[in-house]
Structure formats: structure tokens, C-alpha cells
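Not measured: the values here are computed from a predicted model. Labels below follow one simple rule: chain letters A, B, ... track the order of the sequence lines, proteins then strands, and each chain is numbered from 1. Atoms considered below: every heavy atom in the structure, side chains included; atoms not considered: hydrogens, waters and symmetry mates.
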There are 2 protein chains.
Amino acid sequence: MKDKVRTAVVGLGGRGQSMQDALLLTMDNVEITAVCDVYEDRMMNGVRSVERAYGKTPVHSTDYRDVLDPAVADAVIITAAWEAHVPIAVEAMERGIAVGMEVGGAYSLDDCWRLVHTYEKTKTPFMFLENCCYGQIEMMVMNMVKLGLFGEIISCSGGYCHDLRSEITRGKENRHYRLRNYLTRNCENYPTHELGPIAQVLGINRGNRMISLVSMATKSRGLNAYAASHPDVDQSLVNAHFNQGDVVTTLIKCANGETITLTLDTCLPRFYSRGFTVKGTKGLYMEDGNCVYLEDDFAGQEFWDFSPQYGNASRYLEKYQHPVWEQYLREGIRGGHGGMDGLVYDAFIEAVRTGTPCPIDVYDAAAWMCITPLSEQSIATGSAPVAIPDFTNGRWCSRK
Amino acid sequence: MKDKVRTAVVGLGGRGQSMQDALLLTMDNVEITAVCDVYEDRMMNGVRSVERAYGKTPVHSTDYRDVLDPAVADAVIITAAWEAHVPIAVEAMERGIAVGMEVGGAYSLDDCWRLVHTYEKTKTPFMFLENCCYGQIEMMVMNMVKLGLFGEIISCSGGYCHDLRSEITRGKENRHYRLRNYLTRNCENYPTHELGPIAQVLGINRGNRMISLVSMATKSRGLNAYAASHPDVDQSLVNAHFNQGDVVTTLIKCANGETITLTLDTCLPRFYSRGFTVKGTKGLYMEDGNCVYLEDDFAGQEFWDFSPQYGNASRYLEKYQHPVWEQYLREGIRGGHGGMDGLVYDAFIEAVRTGTPCPIDVYDAAAWMCITPLSEQSIATGSAPVAIPDFTNGRWCSRK
């Protein structure tokens, strides 16, 4: 068992640098030994922040192959642009360096299969760093699902509903990958924040699996309108043709008969929500309204007086807080996004340090990420149904 | 112009009898001259309530053809079982009796075309009595849409989310049509409560139209589970095979590039909601949380502190109350469902009385009702996309 996991950080844009500074450099079980970014200035920011923390200079390069060296790193955190995740992860696994890969959709089914095949060949630890699986509410709901409080689960929904108009339209000056994706692709480009927790609720790859989907996209108007009303934004975007529809909705059918509805809503003004919703034969949880309705607690209340009920999930938190969060709150939460980041990074590092299995594995990553290229296919063919591969090759039937 | 509209009521189950007693018999512009129900006891209840109100006996029969007599009635209110709506409406239009038809989905596209063709041949007034188009919140949102407050509308959602387990499973003793529908069909069986207001927001049949849909159904568990835990319910339903999935989700694409998401959720425990949601380039309204987010009011507020914002739609009601509702509240609301019923019935009766066009016409009825058989087709073919007919034969392009 290692004392500290020697860790390389590849990708030092907004996410990578903030994870390094606010989280990785504060973790007792991590030593950052290498940093990499394709941009020299970002790489040097990463070098300097390690120097400030440790008083020594990490290995650094603008080419990730230079830092994926078992003599330097036991693990790599991949916080690069979406399209770079899979090539870096595959290379790292090939070299025996444990992979913690940040989230995003895949670009092709081949991406997903390469991850799976490389893992199966090398058995190098791989974890998909889906922080939302560690959200406080998501974990409470998961706890309540396991306790049977919602009965048999029938349908779940979720979304990535986040006003990203500023980030996307300022993508050129900020060298952000979202801009090129929104100009060229039309798909559910970021499914995993909501799908991760839902997949865990439904036991995907563990007795259940997603079998088919359909997707539908709206027209694209939000980004043009935003550019038109913001003179500081690149004005060529006022009339640019964005292929990405403003709202993409995806319906997924599961082997055990449940459905999942996903909504991507990132080009219109709105408050942030992952719209997490779980419906069962005994009750529901709904993030929009943040409310729990259990049959036993509200028997016969067909219509709610809403004002006292919105937000009632906090009452259930007192009783059904997930044990992981109970401990976490006692010890003090760490990292961004309300503490989720601290939990997911720690889970990865501890799995690598102790040689135990990663809780979100390569089959989860493949199943969740493949929604992106499959939604693209469905949209391109007029919302035709598309089969979802079984990346476990049948082992989902009996996996725990 | 008539003083009172002589009105026949066909169908005196729960809905019909309550509309007659609480609403129609109180309206100055209505005289109920005939009542009908296939069940003798229900018919006689209807007769007696008219006698109590007027001191005279209406024409009555268990066969609707007996009461559809222009010598007796100027108009008919059809509150019968779903499957009887269209045959009765067609017969009434043929006989020149104005039709106010209660809501429900169609059983076939042929149903919808027969309504349209019969109307076009006879020009007998026809109105679809979709009360939810007259909901206070729906009309406020419509008002705000027309004022441009949400910008260009991009996507809408809605649902019929209503715990009907008691009504459905007690359908045999209560002679309720929902039971046989849930046993045999699998479809979005009740789309119009949410779709009506959405269609009005999107200008369906008036410069826009719905062009295709996909539907997906979950497994069926809710009704069996309900019967199992309610010994007073017909226990043969514990193991009955319900074809209807507990939750059905439908995605609809519009000619102008918007999408609509519909959810039927009637077999699981929950609070009532129509989940009305309107998203535009300048903001959104969302029924779950009952909140309005306008870019101008919440600029830069990426994350909401929810507790003060849930329910904030009431603040907007002060400013953007629909003029129809302003007047209605001054004069006193009438009828059930928070006053919607009073408005929709009055709109129909006044159109007939004054010889003016019905605000929700036969093309609206056909377009909204056809979602049911088309969703059935899509579910039956693995969520394949299905084209939605244009019941206006091209006139939607220029209709106002």
C-alpha cells in the first residue's frame, strides 16, 4: 500500500488548474509529480502552483506522452478537453498508469470500446470522475432507494441545465473546447452528470442495462441571440450557424423496463439544475422543487399546498443522509461543487493507493459516455431509435 | 343572437353530473333541455337535478341519438366515456347541433379526420373543452409569451401527472372507462391538458404545426402494487396484466424547430402536476417549483438560492395576470378546477349564443387528440418516429 499516490495532471484549463490548486495539492495521499497542458502558459501556471505548494518543480511538458511515465507517476488525472480524454486514458492504461478521467460524452462508440478493451487487456485501474454521483442529494436518494422507500423504481429523469452561453460564446478568447463542439455537433453532449446517479439508482451494468434511445433537438437560437445582445462577445457569432440545438431531449429504455429522460439545456437563460427525478411505486424525489413525496407520508394528498412542501427534501436529509456524507460533514467537506469533487477524487486516489476496485469503472464510463454519439445518430436520422451496446458483453446480468 | 342556448348533456358520470350541477345549471345563458347516459340510473340522476333546478323535466334517453334533436337542443355537451366522444360529436354536427366536446385522446387517426371532415362539411360549431387552456397560470404565461418576455420560444414540456390508481383500479365498481383503457392500450392516453396550452404558446395550426413524435413507455407495476396493498380493491387486479406502462414520455418536433416533451404519469403515488414548462431565449416558466426566471430579473444568477424563488410566479401574476382572469376574479370565479371549467364552458356557450367562432376548434382537437394513437404506434414499434398529420391541409401556414 502506497503512502502517497504520485500523480500527473494532464490538462490545466479552468477545471484542471482549479482541481489542482483547491483539491489535489491539499490532499495528504497525493503528490503531484508531473503537469501537462498543450498550451505552454497553462502548463507553466501548473508548474508554479506545484512549486508554491511543495517547493520543488514537477516534471512538465506540453505533450502528455512525456508525463505518462511510470518512473514519475502512479496515476494520472485527465482534465483536458473532451476529445483528448480517451486517447490520453488509453495511453496511460497501456503504460500501467492508473487513470482518473474527468467527464464528458464520447465522440464515437469506438472511443468507448477502446477504453473497455484497453482496460481488459491491461487491468490498469480506471475511474470515471463523475462528481455528481457523490452529490449530497443524489446520495441521500440512492440511500432511500436502497432502503426501498420509493418502492420499485419505474422512471428517472435528469438534465444538464446550465446557462453556458457566456462560456461557449467566449470560447475563442478562452480557448474553450465547448465552442467548437457547439458549432459542429448536434447531440446530448454532456450526459453523465445526471445519468451517473440515475444509472446507480437503476443498477446499470449490475443486473440492468440501457438498451435503446431516441433523441430530439430543437432549433439553435440561444447563442446567436446572446452574442447579439453582448457586444463584448465575438460578433461573428451573431450570425454563425451553430449545429447544436439549444435543447436536446433523450429517452432511454432499460432492460428491466424503466425509462430515463435526459435534457441538455445549456444555451438559454436559466438557473442551474440537474433536474434529478426518481419515480417509484411508493413515491418520488424531484430536484425541481427539491421535494420528496412518499406515499406513506402524504397518503391521500392528491393536491399539495406547495409552499410548505417545496424544499422538503431537507427534512428527509436529517433522517436519510448517506453514511458517506455523514462522515464527510463531520470531518469537513473539501473541494468544489459543494464537496462532490473532494469525494470523487478521494475515492479514486484511495482505490489506487490501497489497490481496491474503482467504484465508477470503465464499463460505467463506456455506458454513460456512449449516449453522446448515439444521440447524435438518433438526431441525424429524425429521432430514430438506436440500440445501446452492452460493453460488459453479457456480464451485466450477474455483476454486482 | 339567442338569449339562452338550449343544451343537451350526454354522459352523466362523475364529470358530466358535476358539470351539470355545479356549472351548467347555474349559467344564465344555458337551459338544459335534454340529458342522456347509457346507464339508466345516471340518466335519472341527471333528470332529477334538472327538475330540482328548473321545476320541469328535460327530454331524456339512454340513446344519444334521441336527444340530438334540433327541436330540443342548440348545443350538446359531450361528457361521455372517451371512446364515445367522436361518434356523438360527428352525429351532432351532422344534425346541426353545436358540439362542446370534453377532452381525451383519440383512438385512431380516422377519429380525428372524421371530426375535421364532418365539421368542414357541416360548418356546425365545434369546440374542444380543454379547460387547462384557461388555467390562471397557463394564461399568465401565454400573456407573457405574447409580450415577448421569454423571447423566442424554444422548448416546452408538460404532463398529466396525477395519481389515478384509486380511480383506475376501482373502475369496475364505478363503471369508469379508464380501467379498460389501462388494461388494453399502451399510449399517451390523455395528452391534451398539458398540450393544449403548449400548442397555444407555440402557435400550433396558426403558423406552426407538430410534425413528428416518438414515445416510450415504462413497464407496468403501479396498479398491481396498488391493488396488492388495498384489499378493498378488486383483487383480480393484483396479478392482472395491464398493457399500459406506468409512465409514458413523448417527444414532439414542431415545424418551426421547437420540441415538446409530454409525460403521462398516472399509476404512481405523487402530487398532482401538469409540469407546464416554457423555455425561451430570454427566460423560462416552470410549474414544478412554480417559478419564473427572466434574464432581465436574474442577470448573472447562475445558481439560485431556491427557497425564496420557488413559487415566485405569484409575483409575476400581479403584473402579468391575463386580462380574462383579471375580469374573472373581479366578477367571481365559477365551476370546478380553480375556475378553468367556468371559463371554458362559458367560451363555448357564448360562441354558440353569439354565432362567433369557437376559440379551440376542430383542427386543434384533431391535432392534440391524434397524439394518442400516434404514441401507441411509436411505442408498438420500439419508439420509432411517427409523422403527425396536418389536419388543416396546409392552411396552418397562414391561419391566425
Mind ranking B:Glu258, B:Gln309, B:Glu302 by heavy-atom pairs under 4.5 Å with chain A and telling me who comes out on top?
B:Glu302
Here the pair of heavy atoms bringing A:Leu268 nearest to B:Gly280 is CD2-O, 3.6 Å
Residues 156-166 of chain A vs chain B, non-hydrogen distance cutoff under 4.5 Å, contacting residues -> A:His162, A:Arg165
Count the heavy-atom pairs under 4.5 Å between each of A:Gly311, A:Ala225, A:Ser155, A:Cys254 and chain B, then report the option with the highest count.
A:Ser155
First locate atom CZ of B:Phe271, then atom CD of A:Gln301, and finally report the distance between them rounded to the nearest 0.5 Å.
12.0 Å
Can you name the closest pair of heavy atoms from A:Met216 and B:Val214 and give their distance?
CE-CG2, 4.3 Å
Enter the distance from B:Thr259:OG1 to A:Asp246:CG here, rounded to the nearest 0.5 Å.
9.5 Å
Which pair of heavy atoms, one from A:Ala384 and one from B:Pro385, lies closest together, and at what distance?
CA-CD, 3.8 Å
Quick one: which of B:Ser229, B:Ser273, B:Gly289 has the most heavy-atom pairs under 4.5 Å with chain A, could you say?
B:Gly289
With A:Arg185, which residues qualify under salt bridge (charged side-chain N to carboxylate O under 4.0 Å, His left out), at least two apart?
A:Glu376
Any donor-acceptor N/O pair, B:Lys253 side chain to A:Gly382 backbone, under 3.5 Å
no
For the residue pair A:Phe303 and B:Tyr272, categorise the inter-ring angle as parallel (less than 30°), tilted (30 to 60°) or perpendicular (more than 60°).
tilted
So which of A:Ala217, A:Gly151, A:Gly245 has the biggest tally of heavy-atom pairs under 4.5 Å with chain B?
A:Ala217
Would you indicate whether the side-chain heavy atoms of B:Tyr226 and A:Thr281 approach each other to under 4.5 Å?
no
Is the number of heavy atoms from other residues, nucleotides or ligands within 6.0 Å of CG (B:Asp232) greater than 12?
yes
Under 4.5 Å from a heavy atom of chain B, the part of A:Glu152 involved:
side chain
Of the backbone (N, CA, C, O) and the side chain (C-beta and beyond), which part of A:Ile252 lies under 4.5 Å from a heavy atom of chain B, both, or neither?
backbone
Pairs involving residues 246-267 of chain A, ordered by first then second residue, that meet ring-ring contact (aromatic ring centres under 6.0 Å, His included) (sequence neighbours left out):
none
B:Pro269 and A:Gly283 have their tightest heavy-atom pair at CG-N, 3.4 Å
Less than 3.5 Å apart, which donor and acceptor atoms pair up between the side chains of residues 260-267 of chain A and the rest of the protein, not counting sequence neighbours?
residue	atom	partner	partner atom	Å
A:Asp265	OD2	A:Arg270	NH1	2.9
A:Asp265	OD2	B:Lys279	NZ	2.9
A:Thr266	OG1	A:Tyr182	OH	2.7

Residue from B:Val247, B:Leu251, B:Leu213 scoring the most non-hydrogen pairs under 4.5 Å with chain A is B:Leu251
Residues A:Lys219 and B:Ile154: closest non-hydrogen pair is CE-CD1, 3.9 Å
